Amino acid sequence: MRPSRRPALKASEIPPQNLNLREGERQSIVCPDCDSWHPLYRKMIKTHHLDREVRGGRAPRCPGSAQLIDMDISVEQWGEMMLAADSTATGRRSARQHYKPLAQPPTPIYRLADRGPQGKPTLHRLLPLRERARHAVDQHRTACSVCKVGGRCAAGRALEVRFAETEASCTIAREQLKHQERRRFDRAAAPKRQSAWAAVLPAVQDADTRRAVLPVPPARPEAPAQAEVPSVPTEPYDFEAYDRRQAELGKQYAQRKTTAALPA
């Protein structure tokens with residue numbers, strides 16, 4: 001294979017990722033004309049064709065065939081160039097992870113009966129459906145021989161399930177309507193409540209001020225109290241009255257216990 005008339009390419013000017021000089025592997029290079037890998041043969045790019053599927057004289061020969069390569073660098077220098085190129089590419093690569101936007105969560109089940117497609121409450125639409133489902137169940141029980149005697153056929157069971165689902169939807173819609181009315185009432189009453197608190201605020205502040213200046217009653221000697229806190233008595237004032245009361249309570253308890261033990 002004769003070399004082409006083109007000037008030789010210097011290995012130091014070729015991007016290191018387009019050249020393979022690893023030990024134990026066949027040396028190869030990316031052809032500058034067809035951008036495909038081809039082996040080196042006697043420091044030349046091996047002859048190849050533009051169309052790989054067609055061999056022989058029918059396929060046009062690539063102009064990069066038999067291109068001379070001037071190996072002006074060693075394997076160690078080529079390895080250093082590869083490391084430098086890899087570090088540069090790693091530095092350009094962003095470490096930030098980009099996530100796809102989360103899908104919009106579906107409407108909860110407890111809110112399906114809240115609003116219709118036009119944004120209006122659906123209770124007025126569910127009530128006729130409930131009455132129609134109830135009427136269908138009653139008609140089926142009257143006409144079906146199995147359901148008439150207390151049994152349940154497949155059609156009757158399906159009608160009862162539909163009626164139960166409609167009834168549950170009506171209950172949910174009714175509860176949500178009450179909740180909306182309660183929230184609307186709270187929003188309407190909030191300014192009135194705030195104005196009422198503002199009206200009694202001076203009286204409350206005056207009562208707090210007068211309570212703060214009242215003298216604290218002295219503590220009792222039998223129960224030492226904390227500072228500025230009145231003590232609580234731990235013994236009765238009249239021991240004789242206390243003993244008489246305890247004796248009366250004991251007699252009442254014994255009489256009640258004896259009455260409960262007698263047979264009816």
Side-chain angles (χ1 to χ4, degrees), residues 1-122 125-126 129 154-155 157-158 161-162 164-166 168-169 172-173 176 179:
M1 181 176 63
R2 296 180 180 180
S4 64
R5 297 180 180 180
R6 292 181 176 183
L9 295 176
K10 293 185 178 181
S12 57
E13 299 177 356
I14 300 174
Q17 61 270 17
N18 293 346
L19 191 63
N20 182 19
L21 301 180
R22 294 186 180 90
E23 296 182 359
E25 298 181 8
R26 188 174 185 181
Q27 296 181 353
S28 56
I29 191 175
V30 176
C31 177
D33 292 274
C34 62
D35 292 332
S36 57
W37 284 92
H38 296 284
L40 291 175
Y41 179 72
R42 294 181 180 178
K43 299 183 180 181
M44 292 184 297
I45 302 177
K46 192 173 182 180
T47 303
H48 56 281
H49 299 79
L50 294 177
D51 192 353
R52 295 186 177 183
E53 297 181 357
V54 181
R55 301 299 180 184
R58 298 181 181 179
R61 181 175 173 179
C62 179
S65 300
Q67 172 69 52
L68 281 174
I69 305 299
D70 183 10
M71 294 295 179
D72 58 344
I73 58 174
S74 61
V75 178
E76 291 76 10
Q77 293 175 346
W78 172 81
E80 294 177 358
M81 294 173 61
M82 282 290 294
L83 292 176
D86 183 70
S87 61
T88 305
T90 304
R92 291 196 304 266
R93 188 179 301 113
S94 175
R96 181 179 179 181
Q97 297 182 0
H98 300 276
Y99 299 95
K100 294 183 179 179
L102 297 178
Q104 189 70 15
T107 305
I109 297 178
Y110 68 90
R111 292 183 56 189
L112 292 178
D114 185 15
R115 297 286 179 178
Q118 293 82 17
K120 298 181 180 180
T122 59
R125 296 190 299 105
L126 291 174
L129 295 178
R157 187 179 298 105
V161 169
R162 187 177 64 178
E165 292 177 352
T166 310
S169 300
I172 295 175
Q176 291 175 347
H179 181 66

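Keep in mind that the numbers below use all heavy atoms, side chains included, and drop hydrogens, waters and symmetry copies. Worth saying up front: this structure is predicted, and the values here are computed from it rather than measured.
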*asked:* Nearest 0.5 Å, please: how far is CE in M44 from CG in L9?
replied: 13.0 Å

*With sequence neighbours excluded, what pairs up with D70 under the side chain to side chain donor-acceptor pair (under 3.5 Å) test?*
none

*Got a second to check how far I29's CD1 is from S36's OG, nearest 0.5 Å?*
11.0 Å

*Test side chain to side chain donor-acceptor pair (under 3.5 Å) applied to S4 - qualifying residues, sequence neighbours left out*: none

For residues 60-69, which side-chain N or O atoms pair as donor and acceptor with protein atoms under 3.5 Å away, sequence neighbours left out?
{"from": "S65", "atom 1": "OG", "to": "H48", "atom 2": "N", "distance (Å)": "3.1"}
{"from": "S65", "atom 1": "OG", "to": "H48", "atom 2": "O", "distance (Å)": "3.0"}
{"from": "S65", "atom 1": "OG", "to": "C62", "atom 2": "O", "distance (Å)": "3.0"}
{"from": "Q67", "atom 1": "NE2", "to": "P7", "atom 2": "O", "distance (Å)": "2.7"}

*Please name the pair of heavy atoms, one in I73 and one in W78, separated by the smallest distance, quoted to 0.1 Å.*
CD1-CB, 4.1 Å

*Nearest 0.5 Å please: distance from the CG atom of L40 over to the CE atom of M71.*
5.0 Å

*Give, for atom CG of D72 and atom CD of Q77, the distance between the pair rounded to the nearest 0.5 Å.*
8.0 Å

*With D33, which residues qualify under salt bridge (charged side-chain N to carboxylate O under 4.0 Å, His left out), at least two apart?*
R6

_According to side chain to side chain donor-acceptor pair (under 3.5 Å), who are the partners of R162, at least two apart in sequence or on a separate chain?_
none

*Say you draw a straight line from CE of M81 to CD of Q17; how long is it, rounded to the nearest 0.5 Å?*
8.5 Å

*Got a second to check how far C31's SG is from K46's NZ, nearest 0.5 Å?*
14.5 Å

_Contacts of E25 that satisfy side-chain contact (heavy atoms from CB on, under 4.5 Å) - sequence neighbours left out_ = N20, R22

*asked:* Do N18 and P32 make a side-chain contact, defined as non-hydrogen atoms from C-beta onward lying under 4.5 Å apart?
replied: no

